[in-house]
Amino acid sequence: MFKKHVDVKALQRLSGADKKKLRRTAKERFPQASDADLDAILPPKVEVTVAKYPNRILVYGIEGEFPMLFDIDGRGHELFPTVYALWKVPDLLPAFTLKGGEVSRFILGGADLMFPGISIPPEGLPSFQPGQPWDSADGRYVPNEGFYEDIVVEDPNYASSSQPADSSEDHVEGMRDSTIEGEEAAVDVSESHTTDHDIHIEAIEDLTAGVSEVKLPEDNATEEPIEEREHQNLSTEEIDSLLDKCLLQALHTSVKDKDLPIPGSTLWSNHILPCRPTGVTLDIKKSSHKKLSKWLQSKSSSGLISSKEDKHKKEVMLLRINRGHPDYMAFKPEKRVQEPVVQHDNVVAEGSTTKQLEVAEIYKPSSHVNPIFMAVGADTGKYYSASEASDIVFRYVEKENLVKATDKAKVVLDVALCDALYKGAIKKGSAYPTEIHKRDLGLTFLNRMQIHHRVARGNEVAIRKGAIRTIQIMTERRQGNKKMTRLSGLECFLMDPDSLASELQKKFACSTTTAELPGKKGQHEVLVQGGVIDDLAKHLVDHYGVPKRFIEVLDKTKR
């Protein structure tokens with residue numbers, strides 16, 4: 001009931017008459033509670049507050065301290081004690097004893113307690129009425145209207161820095177840890193509650209002993225190899241050194257001159273990461289450079305490489321490698337099998353049932369470059385990757401022997417190549433170039449081709465004209481100051497909005513719907529109730545393999 005965080009609609013003090021009425025109701029609801037027990041949870045000379053929630057639930061608590069009672073129908077008919085109240089007065093409710101680890105792990109997760117999960121004593125159970133509230137022997141409330149991780153326990157309106165707050169926190173932590181010793185938990189709880197009501201140490205030992213029997217399933221996915229955990233403690237200087245080593249290894253083994261220019265993101269994911277040592281997670285943010293662009297620019301300043309920022313793609317491009325640089329010549333590459341990369345464009349979180357996503361920019365020959373393709377016998381009707389297209393133009397240069405004799409880094413432009421690169425792009429009256437540097441040839445040739453994008457998920461493949469559009473995630477406030485998250489652009493990544501809406505409804509426990517975008521036939525957006533902008537972006541990356549650079553996030557609720 002309270003596991004999902006909700007905002008308090010109103011918070012106010014109870015009048016003297018209302019406090020007396022609440023006390024009478026509690027006495028009727030908990031007949032075995034003595035006056036001293038009621039004084040412990042509702043002290044007569046302190047202020048008592050009531051918090052009203054949008055779902056009409058009322059939560060009663062001591063002002064500035066903890067919630068003690070809550071009313072699930074808002075009319076005083078269904079009054080129950082909170083976990084804090086049961087810690088103060090363990091005998092407030094009659095108690096069942098659970099069957100240890102057989103059922104405790106389900107109750108810990110918020111499940112209702114069924115009769116077969118109760119351990120029946122030899123003398124039998126006392127008589128009780130249907131609907132009568134009972135407590136379980138391990139401190140959880142039955143029937144399960146709330147449990148130890150719910151919002152009532154964590155409500156910031158009742159936060160306190162007093163000693164009971166620390167003790168309750170320790171107690172909850174003890175319930176989470178299935179290996180905690182019963183004696184330690186008993187000592188912590190008994191010491192922290194001596195001022196209000198002495199909790200029986202034997203009861204606490206029974207509580208922790210039952211919880212310690214819980215055997216939760218092991219999550220092997222979260223285990224890291226020992227070698228990997230050791231590598232995570234690298235210093236900034238060691239990370240910088242490892243980055244340089246991986247770059248030199250990549251320049252020696254996988255980066256070819258014919259592939260240049262290549263984007264910095266491609267260099268990182270396809271060349272540098274596979275060269276890292278086994279079990280190492282290489283994070284550029286933990287280096288002294290903090291960003292990939294700054295790191296590549298520093299290597300360019302040292303003369304090892306030549307890089308330039310592409311203003312259209314807004315990322316650094318690797319243009320040239322100085323294979324005569326002292327660092328390059330002094331480095332001896334390792335001979336080893338490169339570790340396969342699990343990165344960005346084709347990543348789906350392990351354990352996900354979603355099929356693998358592949359996203360790639362491809363190019364189709366245009367009328368400008370068709371003569372070059374036909375000259376080398378290449379098909380003008382197929383699609384090419386950036387490296388394949390660059391290879392075509394370099395094959396033409398080699399075939400026609402266009403490398404400048406006096407400067408091997410430059411290419412002389414003949415009529416066909418000059419038209420392919422510049423026809424229609426040069427202003428009237430301006431002279432056409434007669435030569436071009438090799439580092440600029442590939443990129444200029446690509447810019448004259450038609451850009452497309454290819455998206456594949458399993459057996460489903462889509463090729464569309466133009467650059468791929470990003471997924472837009474936007475959170476805004478609607479009527480009543482409520483947050484709404486909008487998600488659009490899913491069709492580009494072969495994602496069904498209706499199926500995703502149904503999935504998000506279960507994942508975030510909130511309302512979702514789909515709507516057609518105005519003026520965009522066939523394109524839909526998913527509307528998610530609440531501000532789940534960060535969790536939603538993470539879900540798309542982890543479970544659908546959407547590259548982070550194709551997700552745009554905008555939070556309009558921040559001022």
Side-chain angles (χ1 to χ4, degrees), residues 256-267 293 296-297 300 305-322 360-454 463-470 492 519 549:
K256 308 300 180 184
D257 289 335
K258 67 178 183 179
D259 297 332
L260 302 178
I262 59 175
S265 58
T266 303
L267 173 68
S293 58
L296 292 179
Q297 288 170 0
S300 180
I305 60 174
S306 177
S307 63
K308 182 180 180 181
E309 183 178 1
D310 189 332
K311 295 182 180 180
H312 299 286
K313 294 185 177 181
K314 296 182 180 179
E315 67 173 320
V316 175
M317 305 289 293
L318 175 62
L319 305 177
R320 185 176 63 87
I321 303 170
N322 183 7
E361 286 187 346
I362 54 178
Y363 300 84
K364 187 176 182 180
S366 64
S367 58
H368 299 294
V369 299
N370 277 341
I372 305 299
F373 280 82
M374 291 186 291
V376 297
D379 188 357
T380 58
K382 64 175 291 189
Y383 297 94
Y384 296 85
S385 66
S387 59
E388 291 172 341
S390 297
D391 186 59
I392 295 293
V393 70
F394 278 101
R395 282 168 53 190
Y396 178 82
V397 169
E398 184 179 356
K399 178 183 177 182
E400 300 296 331
N401 194 22
L402 297 179
V403 178
K404 191 174 183 179
T406 57
D407 189 353
K408 298 295 184 180
K410 293 184 178 180
V411 174
V412 178
L413 300 179
D414 62 2
V415 176
L417 186 56
C418 185
D419 287 346
L421 299 180
Y422 297 111
K423 187 176 182 180
I426 301 296
K427 294 182 180 180
K428 291 184 179 180
S430 301
Y432 280 80
T434 58
E435 58 184 35
I436 187 174
H437 202 285
K438 282 184 178 180
R439 66 169 178 262
D440 300 324
L441 177 59
L443 185 59
T444 306
F445 189 74
L446 285 176
N447 290 336
R448 299 286 282 179
M449 298 178 68
Q450 297 175 358
I451 186 172
H452 291 66
H453 63 272
R454 178 182 182 275
I463 297 178
R464 301 184 181 93
K465 190 174 182 179
I468 189 168
R469 294 188 294 271
T470 58
C492 289
R549 66 176 182 274

Measuring from [X]:[atom1] to [Y]:[atom2], what's the distance to the nearest 0.5 Å?
| X | Y | atom1 | atom2 | answer |
| --- | --- | --- | --- | --- |
| Ser385 | Asp391 | OG | CG | 9.0 Å |
| Ile262 | Lys256 | CD1 | NZ | 12.0 Å |
| Met449 | Asn370 | CE | CG | 9.0 Å |
| Phe445 | Phe394 | CZ | CZ | 10.5 Å |
| Leu318 | Lys308 | CG | NZ | 14.0 Å |
| Lys408 | Thr406 | NZ | OG1 | 9.0 Å |

Q) Would Asp414 and Tyr396 satisfy side chain to side chain contact (heavy atoms under 4.5 Å, CB included), going step by step from the backbone distance to the final call? A) CA-CA 11 Å; Asp414 62 2; Tyr396 178 82; 2.6 Å; yes
On a heavy-atom basis, which atom in [X] and which in [Y] lie closest, and how many Å separate them?
| X | Y | value |
| --- | --- | --- |
| His368 | Arg448 | ND1-NH2, 3.1 Å |
| Leu319 | Pro261 | CD2-CB, 3.7 Å |
| Gly264 | Leu296 | CA-CD1, 4.0 Å |
| Ile392 | Ala378 | CD1-CB, 3.7 Å |
| Met317 | Pro263 | SD-CA, 3.6 Å |
| Leu413 | Leu421 | CD2-CD1, 3.9 Å |

Q: Could you give me the CA-CA distance, side-chain angles and deciding distance for Tyr383 and His452, then say whether side chain to side chain contact (heavy atoms under 4.5 Å, CB included) is met?
A: CA-CA 8 Å; Tyr383 297 94; His452 291 66; 3.8 Å; yes
Q) Would Leu417 and Val393 satisfy side chain to side chain contact (heavy atoms under 4.5 Å, CB included), going step by step from the backbone distance to the final call? A) CA-CA 9 Å; Leu417 186 56; Val393 70; 3.9 Å; yes
Polar side-chain atom of [X] near backbone of [Y] as donor-acceptor pair, under 3.5 Å:
| X | Y | value |
| --- | --- | --- |
| Ser390 | Ala386 | yes |
| His453 | Gly466 | yes |
| Ser366 | Gln450 | no |
| Asn447 | Leu443 | yes |
| Arg320 | Lys438 | no |

Q. Where do Val415 and Tyr432 land on the side chain to side chain contact (heavy atoms under 4.5 Å, CB included) test, with the steps shown first?
A. CA-CA 10 Å; Val415 176; Tyr432 280 80; over 6 Å; no
Q | Arg395, CZ atom: more than 12 neighbouring heavy atoms under 6.0 Å | A | yes
Q) So does Glu398 have more than 12 non-hydrogen atoms from other groups sitting under 6.0 Å from CD? A)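 At most 12 heavy atoms, drawn from other residues, nucleotides or ligands, come within 6.0 Å of this atom.
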Q. With sequence neighbours excluded, what pairs up with Tyr422 under the ring pair (Phe, Tyr, Trp, His ring centres under 6.0 Å) test?
A. none
